[in-house]
Each structure stands twice: as C-alpha cells, then as structure tokens.
Number of protein chains: 2
Amino acid sequence: MKKNITIHDVAKHANVSIATVSNVINGTGRVSQNTLNIVNNSIDKLGYYPNISARTMKKKSSNLISVIVPFQNEKGNLHDNPFYWNLVSGIEKVSRKNKFQVVLTGVTGDNDLSLNFIKERNIDGVVIIGASHNATLVKETKSLAIPSVFVDSYLMDEEVYQVFLDDEQGGYKGIKFLLDQGHKHIALIGGNKEINGVMKERFEGAKKAFAQTDITIDESIYIDVPVSMEGGYDAGEIIINHPKITAIFCFSDVLAIGLMKYLSEKKKRIPDDYALIGFDNISASQYTTPPLTTISQNTVHKGEVTANLLIDQIMNNNDIKQKKIILPISLIERESTSYL
Amino acid sequence: MKKNITIHDVAKHANVSIATVSNVINGTGRVSQNTLNIVNNSIDKLGYYPNISARTMKKKSSNLISVIVPFQNEKGNLHDNPFYWNLVSGIEKVSRKNKFQVVLTGVTGDNDLSLNFIKERNIDGVVIIGASHNATLVKETKSLAIPSVFVDSYLMDEEVYQVFLDDEQGGYKGIKFLLDQGHKHIALIGGNKEINGVMKERFEGAKKAFAQTDITIDESIYIDVPVSMEGGYDAGEIIINHPKITAIFCFSDVLAIGLMKYLSEKKKRIPDDYALIGFDNISASQYTTPPLTTISQNTVHKGEVTANLLIDQIMNNNDIKQKKIILPISLIERESTSYL
DNA sequence: TATTTTTGATTAAACGTTTCATCGATTGTG
DNA sequence: CACAATCGATGAAACGTTTAATCAAAAATA
C-alpha cells in the first residue's frame, strides 16, 4: 500500500511549515515569491495533490453539486427522455468550468427519499428537476437550507430559486398557431395538468389562446397520459375516435413521436389528416417524417443557466437579480403543420 | 451558523464513548443490546448523521463512483445520444442500490484531461465510456490503479475490466440478414472504423458475413461520419449517388434516423428503395416510419452490468469470473427491411 | 476457589487539511 | 535613533471520524 503524499511531506521537502504549503496551494496568506517557487517545485517533484475530504471537513464545503432526478415510474430508472440528458449536460459543463463536480442521484417515491447524503457530504448546492409532483421532496430540500435551484417545478414560493420555461407562452403559441391555421377542434396530449407544473402551465396558455377567439376550449379534448413515446402512441386511439379533431398539440416531443407512429399505422397523414405540434425541440424532432413543428427550448442552455444560478448562490454573488428565471420559447415551424 | 451534531454529541447524550457510537453506526465491534438501543435513541433524538468526509479521510474510501464520458466534439457537451443516458441510468441505479453515488464527469480533449479528482476525492471506482479514441485517458486511468471498468472501449489489454457488446456479432447479423434478403450492394454508415472500437468490430463482423457468400465486400461502401442524426443525414447524399445500393446498415440508430430524413426528403421509400438496419435499439427506433429494424442492445442493462462489475471489484469479490463481459445482441426485425 | 476467557466498553492516536494567533525580521516614519 | 507598521513565516488547535490497544468486569473453566 503506497503511502499518500501529504502536505507534511511537501513541507518537509521544501523546508517550510505546512501552513505555508497550504497558503501556496490556496493562494491565501502572504508568501514570498521565492518560497512560492520552492514549494511549487516540491509539489511537482513529489506529485502531491490535496486530499479533498480533509479540506471538505475543515471548510464544510465539498465543491460538489447534487443533481436530483425524481422518477415518474417505479422501475427505478431515470426518465427515458433525451430532455434530461441535455439538461444534465448543460449543468455538468458549467459546473466543471467552475471547478464543481456533479453528483447524479435518482430518487423514486417518498420511500427512499433520503437526501441525507447532501448533509453528510457537505454538498454545496442542489438542483432538483421537475419536483412539482413531489411535495415531500420540495419540503425536504428546503429544510436542507443550502443553495438550491428547482428546474421546471412551478413552486408557488417566492423564497425559492427556480428556472423554468415560459411554458404558458409555449402553450399559448402552439394553440394560437393552430387556431390561426383554421383548426377548430384540437386535441391536447400531456401529463397530469391538475398539479402545478409544466403541464398545467402549458394548458393554461392554451386556454388563453382559445379565449381570444370565439372557439371555446370545450370543443377540444385533453388526453392525460404518461409522458413517453409509448404514452403518445396510446393516446392515438382516443384521437382517431374523435371524428372532429383536425389538429393535435403534444406537450412533449416524445409524445408526438409516439403518436405519429400510431397515426401512421392507421394510415393517417400528417399534416393532411392531422396537424401536429410538439414541445421541447429534442433533436429527434427534426428527423421525424414529416419534421415536427414544435415549441423550442434550448435544454442544454437551460442546464447552463441553472448551474450558473446555483453557483452564484454558492459563491454568495449578491448581484443575483431574480430568484426566478423564465426562459423564452419559440415556435419552430416545420412540416407537421400547414394551412388548411 | 448552526453547529453540526457530531459523534461526540451523541456519545455525551448516550453516556458512552465515541468509539461505542462509531461501533453502533458501523455495526462493528461488540456492543450490548442495551447500549445499542440507548445510542440509537440518542442518534434519533439529536438528528445525527455521520460526516462522510471525516470517514473518507480515515477509511480512504468515499463510496463514490466516477463515470467519465469523453467527448467526441469540442463543444464541451455530453454526447447528444439517448444511448449514454440509458447507460448512465443503469449505472446510477445499481450504484444507488449498493450505497454508492455517481459523480458524472465529462472530459474533452487531452487538454483538460485531469483525472486528479479521483485521487483527491478517494473515489472508489471509475467507469469510462467509449475510451477507444483516447489513449491518454486509458493510460491515465490505468495509472490510477483503482477499480475501473471500461465500457465499449475495446482495449487490447487483458488486465483491464471491460464491458461491451458483441459488436462483431451485431455487424455480422445485420449484414447476413441483408444478404439473405438478396441485397448485393450494401452501404455501411458508421464512425471511424480504423481505431479499435465498436465501429471497427461491427465492420469486422460485417466482413465475415460477406466472406461467407460469393458477394465481395468491395461492392459495398463504408461511409465514415460523426455518429449523430446530422451525420446520418449528411451521409444520405453519398448514398443516393451510388446507384447500385439497395440496402444500408447504420452502425447507430441515430445515424439511421438522420438518414431516413434525408431519404424521405428525396422521396426515397423504405424499405422499397432501400432496406435499412440500425444499431442500438434506442427507444425512438420503434417510432420511426417505418419502424427501424435494428441490432438490439439493452443499454440500461449494460449499465447495470457495468456497475456490478465495478462494485464487485471494490468489494473485493474474488469470485469475479471474467474481466471481460460481452453482452449478447439480437436482431429486431421491424419494417425498414423486407424481402426483395 | 483460583485462573482463564469472553464481553463490553474506553482511551488515544491518526487521517490531512485550514486558519487563527503569534512572532521575529525587515522596512518605514517622525 | 526610537518606534511603529508591515512582511513572511510558523505553531498549534480544530474539523469528525475510525481503529488498535487496553482494561475492568463478568462468565467460563479447571
């Protein structure tokens, strides 16, 4: 078992005290140019690297960021949706640039909801993705009293840092677009819209668009399914049994992709039989046939914004303008929609 | 600033020594049922949780697993491919079950190739994904001399723990399938096949399938593009300029999805004009039109296997049968192929 | 009963840092 | 020249565990 090189070894080698070595490593205190060189030289020569656990213990800060992904299903896997990967990608990238590392943790139900590790490890900040459905998780996180950012969670809580999309505007624009094209009977497919969350917001936006016309939303239908390709596929049956429907707004691209399969199996044509809009602009959405008109969000960017907001808190940047960051959306018109 | 509850506080509260408390926490040493109850009671009452950094320092083990994803591109983002997310999902799940947490780290080129954090944090084990292209990374990792598993890396190194797919068999089965259907001119699309790695293996398998027939592989073509939807799309132009080609084998589903878009834009029909096979069986592949015939791997499962192999090493399970685990593939026939 | 073994618990050192208080030497001021 | 201020460096305590060595009391053995 090879013995670790410690700060003591460096101190001995450089003929200085460990305090001086520590100062050199951290750029703290006062140290002359001369000893600085000597110490750095010793560090190189010995191949010294600091022990972060010791540092963490002393400083009560680990330079670790925890990203928590709650599960919708019970299989224990992370969501099968490219959206999450892109988000995490953005978070990881910015964190890395700022010398933080990302601990990725999935939490399932309330059962194994143990955020203890955050305190145990002196984790500096935590990102929670899509916690709307999980009140316990939110409460638990708040009680940690460490820097945190909730993504896509729609918490009615001014105290809390949040990043989300202008989902309402997204819902609005999607429906407005379809209405402008002359559609009158529009199906909406999404997850549970009763809970505060992205689905509810998108739906609220949709309602607003309807309200601006003389078409009442009652002529439409909302189909509540699991947000996955399979869910979208399953929703297809309901769609084709509603004879009047001419357009569909899926509150997630994965839903739209699943639905397209069902419709294509039933020989329905897009956009001829049904105009179709998705949400998220995952990269697959431009590769469907036809390419999917969708509400675009830059998910990697969202992750970057999230990480920055978190790190600003950690660093005590008091020039944080706002606790809530709402990212804009835009509608990308592709070929799954066209004028009637 | 609230003071942390330490093992000392618990000891005082329970009227025992800190050593006893430590024994209770870890289930080590001898402690009577009576004091066990008392101590546990104190722990609950005080809301004590151990400080993992202190423990890590003493035990030289952090219960942390590092997952390293090398980048192909220079944008600094993790690969935009659902494959990776599924893999990480499997790793995270098994790790969590075994009380390990996952640190996710992207490394770009050789420039910022700093694996120092692994030693600095006493990380217990490391998973490296797709390191074939990155010799420095491999060398660096080996020099760490800690438990490690390379995924999809094809290292010619018997010392090293590896998990990969039976890529050669995958390449073989795909081509054999097309040849059996009567195709004679087949295009292959993949990444760089000159480096040891999944692409090379798949190509080798393909060659074997050709060798069993009187059709020579020279009548085929290999198109080397970045492994992404965009790459597949770009390959399309080459395809349609090769008049004899009747079938295409994409060494990744994302390539196939990109290609399908190009072909559909050019009014080519699948499978009528081109038979098409993908690789990976990402969930999107069954939602394309037509659904994609593909070589299937269970990527979440692959992640689970990887984590188990790593944890077995960490736990010193000497009943590890083999250092190389090759996971089977199977061909899933969908509608992007059919007999001529 | 005298002696050994086992049980349950304790003491104290060690893990590798950071940081505060201290201190001698050098430089600056009036 | 006497004194104050600054500079560069140090010693030692503290962070919160684990664990080896030790020990008294209780139980088992002869």
Side-chain angles (χ1 to χ4, degrees), chain A residues 1-40 42-43 46-64 116-124, chain B residues 1-40 42-43 46-64 116-124:
Chain A
M1 177 108 139
K2 221 173 69 186
K3 181 125 173 36
N4 274 338
I5 313 277
T6 80
I7 204 173
H8 289 94
D9 301 319
V10 176
K12 194 171 296 175
H13 186 272
N15 250 318
V16 294
S17 71
I18 60 168
T20 300
V21 178
S22 177
N23 281 330
V24 170
I25 297 166
N26 298 293
T28 55
R30 335 198 125 279
V31 35
S32 73
Q33 185 63 45
N34 191 31
T35 51
L36 187 99
N37 294 145
I38 296 178
V39 171
N40 274 328
S42 297
I43 287 176
L46 298 179
Y48 164 82
Y49 51 89
N51 178 318
I52 307 247
S53 301
R55 175 180 295 171
T56 297
M57 191 164 83
K58 203 75 181 65
K59 304 233 264 194
K60 293 173 182 336
S61 156
S62 59
N63 271 43
L64 244 31
N116 277 345
F117 72 91
I118 290 184
K119 301 194 276 185
E120 292 175 349
R121 290 197 188 275
N122 289 301
I123 288 191
D124 291 336
Chain B
M1 176 112 136
K2 221 173 70 184
K3 182 125 174 35
N4 274 338
I5 313 277
T6 80
I7 205 173
H8 290 94
D9 301 318
V10 176
K12 194 171 295 173
H13 186 273
N15 250 317
V16 294
S17 71
I18 60 166
T20 299
V21 177
S22 177
N23 280 331
V24 169
I25 297 165
N26 298 292
T28 53
R30 334 196 129 280
V31 33
S32 75
Q33 185 62 45
N34 191 31
T35 51
L36 187 102
N37 294 144
I38 296 178
V39 171
N40 273 328
S42 297
I43 288 177
L46 298 178
Y48 164 81
Y49 52 89
N51 179 319
I52 306 249
S53 300
R55 177 179 295 170
T56 297
M57 190 163 80
K58 204 73 184 60
K59 304 233 265 194
K60 295 173 182 333
S61 155
S62 60
N63 271 42
L64 245 32
N116 277 346
F117 72 91
I118 290 182
K119 301 195 276 185
E120 292 175 349
R121 289 196 191 274
N122 289 302
I123 287 188
D124 291 335

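Just so we're on the same page: letters track the sequence lines, and every chain starts at 1. Given the structure is predicted, the values throughout are model-derived calculations rather than measurements.
- Residue A:Thr35 is in sugar-phosphate contact alone, with no base atom involved, counting any heavy-atom pair closer than 4.0 Å across all strands shown.
- You'll find that the side chain of A:Lys58 is closest to D:dA14, out of D:dG16, D:dT10, D:dA14.
- When the side-chain nitrogen and oxygen atoms of A:Ser32 are compared with OP1 and OP2 of D:dA9, one or more of them lie within a distance under 4.0 Å.
- Note on A:Thr6: only backbone sugar-phosphate atoms sit closer than 4.0 angstrom, heavy atoms only; bases stay farther off.
- When only modelled atom types and interatomic distance are considered, B:Thr56 and B:Ser53 share no side-chain donor-acceptor pair under 3.5 Å.
- At C:dT17, one or more side-chain N or O atoms of A:Tyr48 fall inside 4.0 Å of OP1 or OP2 (strictly under the cut-off).
- Within the nucleic acid shown, B:Arg30 comes within 4.0 Å of at least one base atom, counting heavy atoms only.
- Closest approach to the A:Ile7 side chain among C:dT17, D:dG16, C:dG16 is made by C:dT17 (side chain taken as heavy atoms from C-beta onward).
- Distances shorter than 4.0 Å separate some side-chain N or O of A:Ser22 from OP1 or OP2 on C:dT18.
- Closest to the side chain of A:Ala19, out of D:dA9, D:dG11, D:dG16, is D:dG11.
- B:Ile18 comes within 4.0 angstrom of a nucleotide base, judged by non-hydrogen atoms across all strands.
- When side chains are defined from C-beta on, B:Asn51 does not count as touching B:Thr6, because their heavy atoms never get closer than 4.5 Å.
- Residue B:Asn23 places no side-chain N or O under 4.0 Å from the OP1 or OP2 atom of C:dA9.
- Within the 4.0 Å cut-off from OP1 or OP2 of D:dT18, not a single side-chain nitrogen or oxygen of B:Thr28 is found.
- Within the 4.5 Å cutoff, side-chain heavy atoms of A:Asn26 are placed close to those of A:Arg55.
- OP1 and OP2 of D:dA9 both lie 4.0 Å or more from every side-chain N or O belonging to A:Ser17.
- The backbone N or O of B:Asn63 lies less than 3.5 Å from a partner atom in the side chain of B:Asp124, making a donor-acceptor pair.
- Of the side-chain N and O atoms in B:Lys60, one or more sit less than 4.0 angstrom from OP1 or OP2 of C:dG16.
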